Participant: 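One structure follows; several queries about it will come next.
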Amino acid sequence: MTTGKLVELKDLFEPNSQYVKILSEIIDKKIAEWEVPVLEEFKEIRMDQYFYLADHNYCYLFSSL
């Protein structure tokens with residue numbers, strides 16, 4: 001935040017970690033738990049998924065664009 005450097009999702013995790021699989025499982029559970037309406041079935045995030053930081057949370061952005 002202080003350097004202004006653009007951070008990619010992969011930069012937040014250890015090299016060779018299964019962050020896509022782990023985060024996808026968490027997001028899929030939250031979609032079901034919170035009964036989030038979706039236009040199509042959620043499968044998994046992309047390795048280059050858009051996200052931003054809000055306070056102490058990661059927020060993931062999903063778009064067909």
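Because the structure is predicted, anything quoted here is derived from the model rather than measured. As a basis for the values below, the full set of heavy atoms in this structure was taken, side chains included, without hydrogen atoms, waters or symmetry mates.
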Participant: Main chain of Phe13, side chain of Ser17: is a donor-acceptor contact present, judged purely on distance under 3.5 Å?
Facilitator: no
Participant: Quick one: CG on Asp11 to CG on Leu6, what's the gap to the nearest 0.5 Å?
Facilitator: 8.5 Å
Participant: Quick check: is Ile26 connected to Val38 through a chain of hydrophobic side chains (ILVMFWY, heavy atoms under 4.5 Å apart)?
Facilitator: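 No, no single cluster joins them.
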Participant: Give the cluster check for Ile31 versus Val20: same hydrophobic cluster or not, with ILVMFWY residues linked at side-chain heavy-atom distances below 4.5 Å.
Facilitator: yes
Participant: Kindly compute the distance separating CD (Glu44) from CG (Asp28), expressed to the nearest 0.5 Å.
Facilitator: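 Here the rounded value is 11.0 Å.
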Participant: Might you confirm whether atom CD of Glu14 has over 12 heavy atoms from other residues, nucleotides or ligands at distances under 6.0 Å?
Facilitator: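 Counting other residues, nucleotides and ligands, CD of Glu14 stays at 12 neighbours or fewer.
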Participant: Are Met47 and Phe51 linked, directly or through intermediate hydrophobic residues, by side-chain heavy-atom contacts shorter than 4.5 Å (ILVMFWY only)?
Facilitator: yes
Participant: Lys29 vs Glu25, test: salt bridge (charged side-chain N to carboxylate O under 4.0 Å, His left out). Steps then yes/no.
Facilitator: CA-CA 6 Å; Lys29 286 179 186 176; Glu25 290 172 357; 5.8 Å; no
Participant: If hydrophobic clusters are built from ILVMFWY residues whose side chains come within less than 4.5 Å, do Phe42 and Ile22 share one?
Facilitator: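 Phe42 does not cluster with Ile22.
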Participant: Taking CD in Gln18 as the centre, count heavy atoms belonging to other residues, nucleotides or ligands within less than 6.0 Å. Is the count above 12?
Facilitator: no
Participant: Is the side chain of Tyr19 donor-acceptor paired with the backbone N or O of Leu9 at a distance under 3.5 Å, no angle test?
Facilitator: no
Participant: Verify the cluster assignment for Ile45 and Trp34: are they in a single hydrophobic cluster under the rule of side-chain heavy atoms below 4.5 Å apart?
Facilitator: yes
Participant: Looking only at atom types and distance, does a side-chain atom of Gln49 sit under 3.5 Å from a main-chain N or O of Arg46, one as donor and one as acceptor?
Facilitator: yes
